[in-house]
Engineer: 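Dumping the structure here so I can ask a few things about it.
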Amino acid sequence: LAQTIEYDGNPAVHLILDDVTEQKSMADKAKLNELKLYHQDRLTSLGVMAAGIAHELNQPLNTIRVITDGFLFGREQGWDLDLDELFESLEMVSRQVIRMTEVIQNVRDFSREDRDRPLHDVVANHAFNNVFLMIGRQLEAHGIEVHKDFAVGLPPVRADLHRLEQVIMNLLVNARQALDRCSRERKKIRVSTSVKDGLIRIEVSDNATGIPDDIREKIFQPFFTTKEAGMGTGLGLSICQSIVNEFCGHFEVRNNEMGGATFAVVAPVGRLA
């Protein structure tokens, strides 16, 4: 704050200076703690879905083993080598290795510790595909039907890819756990993306038991959970809300026509769309 005053009959400038070093240091520490919390929550989600990730890798490994064991058995039996069949099988092995590499790379990227990174234009469909590449088999193993309805040519949102994946992962983990606790004969998760009036809509729905009216206002509060002890920290949705707020979005929550819950992330279209 500065102003002109008179001092001893002469014009002078009166200055007031505040030292904000301590406030800035505290703000930096708070931001670092927030990033650590994001990272811990991400690792928790991966831990919950670890069996699904193992299954994603196990299937291509089994394919590779069947192919190689077949050729080794043929050699023992003295079969003639068919070069066309050999190269066709090698192409299949190569595709399976690429698939495993993609799964491993996605897990590495997802689990990487956050830094204070700038936001970029991110297509939500790509974020969904990356998450399903990691945990899609886990949902199948729990008897859950997954229905996808992704908008073609979806514009991007201004976000961080791995944090958007974290939000999607959390919503899918919650939906899977809700379905595990219910007695539905057919368990379903429906995911969709759409755009209208300059807003991107990202939805995850299930046909579990929905959200009771008396707790709907509490679900984004830190440490609030309806899960059994050891099944959750109560921070997942709170962290998701903080992440969505970062890219100027918000959550909409409702009980759907399937009898379960729908969580929607609504955010403005990115700048390059």
Side-chain angles (χ1 to χ4, degrees), residues 30 33-34 36-49 52 124 127-128 131 135 138-139 141-149 157 159 163-194 196-197 199-268:
N33 288 335
E34 182 182 50
K36 288 181 178 179
L37 191 61
Y38 286 1
H39 185 234
Q40 290 168 1
D41 177 72
R42 196 175 302 167
L43 295 180
T44 298
S45 296
L46 277 178
V48 172
M49 290 301 202
F128 264 117
V131 172
I135 65 168
Q138 172 84 354
L139 301 175
H142 282 249
I144 299 171
E145 303 172 18
V146 178
H147 302 270
K148 303 175 184 178
D149 184 16
V157 294
R163 290 185 190 172
L164 181 56
E165 291 171 355
Q166 181 174 357
V167 172
I168 292 171
M169 175 82 83
N170 261 297
L171 296 180
L172 288 172
V173 167
N174 287 347
R176 194 219 75 184
Q177 291 177 334
L179 288 167
D180 284 346
R181 296 194 301 269
C182 78
S183 57
R184 295 277 188 188
E185 186 174 343
R186 293 183 64 185
K187 300 179 180 182
K188 301 178 183 179
I189 289 178
R190 184 176 63 206
V191 296
S192 66
T193 58
S194 59
K196 185 179 180 181
D197 299 330
L199 295 173
I200 303 295
R201 191 175 188 86
I202 303 165
E203 287 195 355
V204 175
S205 304
D206 61 63
N207 70 332
T209 56
I211 304 172
D213 292 337
D214 59 330
I215 68 169
R216 194 172 304 177
E217 298 299 320
K218 303 177 183 178
I219 58 176
F220 289 102
Q221 294 177 4
F223 304 110
F224 177 81
T225 181
T226 59
K227 300 173 186 176
E228 298 175 4
M231 293 298 292
T233 62
L235 289 173
L237 285 177
S238 175
I239 289 172
C240 285
Q241 188 174 54
S242 296
I243 292 172
V244 171
N245 288 342
E246 286 181 357
F247 46 88
C248 302
H250 65 274
F251 268 102
E252 294 179 4
V253 183
R254 71 179 192 276
N255 289 332
N256 58 49
E257 70 282 357
M258 298 188 297
T262 293
F263 284 79
V265 175
V266 182

Engineer: side-chain contact (heavy atoms from CB on, under 4.5 Å) for Ile239 and Asn170? Distances and angles first, verdict last.
Structural biologist: CA-CA 10 Å; Ile239 289 172; Asn170 261 297; 5.6 Å; no

Engineer: Restricting to salt bridge (charged side-chain N to carboxylate O under 4.0 Å, His left out), what partner residues turn up for Asp213, sequence neighbours left out?
Structural biologist: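 Asp213 satisfies salt bridge (charged side-chain N to carboxylate O under 4.0 Å, His left out) with Arg216 only.
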
Engineer: Apply side chain to side chain contact (heavy atoms under 4.5 Å, CB included) to Thr262 and list each qualifying residue two or more places apart in sequence or on a separate chain.
Structural biologist: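 Expected list: Glu203, Ser205, Arg254, Asn256.
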
Engineer: What residues form a side-chain hydrogen bond (donor to acceptor under 3.5 Å, both in side chains) with Glu217, not counting sequence neighbours?
Structural biologist: none

Engineer: Is the shortest heavy-atom distance from the side chain of Phe263 to the side chain of Cys240 under 4.5 Å?
Structural biologist: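 SC-SC contact between Phe263 and Cys240 ruled out.
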
Engineer: Who are the side chain to side chain contact (heavy atoms under 4.5 Å, CB included) partners of Cys182, not counting sequence neighbours?
Structural biologist: Leu179, Arg184, Ala208, Thr209

Engineer: Taking all heavy atoms of Ala124 and all of Thr193, pick out the closest pair and write down the distance.
Structural biologist: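 Of all heavy-atom pairs spanning Ala124 and Thr193, the closest is CB-CG2, 4.1 Å.
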
Engineer: Among pairs that include at least one residue of residues 255-265, which meet salt bridge (Lys or Arg N to Asp or Glu O under 4.0 Å), considering only residues two or more places apart or in two chains?
Structural biologist: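 For residues 255-265: Arg190-Glu257.
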
Engineer: Just jot down the ring pair (Phe, Tyr, Trp, His ring centres under 6.0 Å) partners of Phe247, sequence neighbours excluded, or say none.
Structural biologist: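 In terms of ring pair (Phe, Tyr, Trp, His ring centres under 6.0 Å), with neighbours along the sequence ignored, Phe247 is linked to no residue.
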
Engineer: Between Gly210 and Asn255, what is the shortest heavy-atom contact and its length?
Structural biologist: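 Nearest pair, atom of Gly210 first, then Asn255: CA-OD1, 3.3 Å.
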
Engineer: Can you list everything that forms a salt bridge (charged side-chain N to carboxylate O under 4.0 Å, His left out) with Glu185? Sequence neighbours excluded, please.
Structural biologist: none

Engineer: Got Ile202 and Leu164 here, is their nearest side-chain heavy-atom distance under 4.5 Å?
Structural biologist: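 Yes, side chains in contact.
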
Engineer: Can you tell me how far the CZ atom of Arg176 sits from the CZ atom of Arg181, to the nearest 0.5 Å?
Structural biologist: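 Rounded to the nearest 0.5 Å, the CZ-CZ separation comes out at 10.0 Å.
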
Engineer: Can you list the residues that meet the side-chain hydrogen bond (donor to acceptor under 3.5 Å, both in side chains) rule with His142, with sequence neighbours excluded?
Structural biologist: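 Per chain and number, His142 pairs via side-chain hydrogen bond (donor to acceptor under 3.5 Å, both in side chains) with Gln138, Asp180.
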
Engineer: Which of these passes side-chain contact (heavy atoms from CB on, under 4.5 Å) with Leu171: Ile189, Leu237, Val131, Asp206?
Structural biologist: Leu237

Engineer: Please identify each residue that fulfils side chain to side chain contact (heavy atoms under 4.5 Å, CB included) with Glu145, with sequence neighbours left out.
Structural biologist: His147, Arg186, Lys188

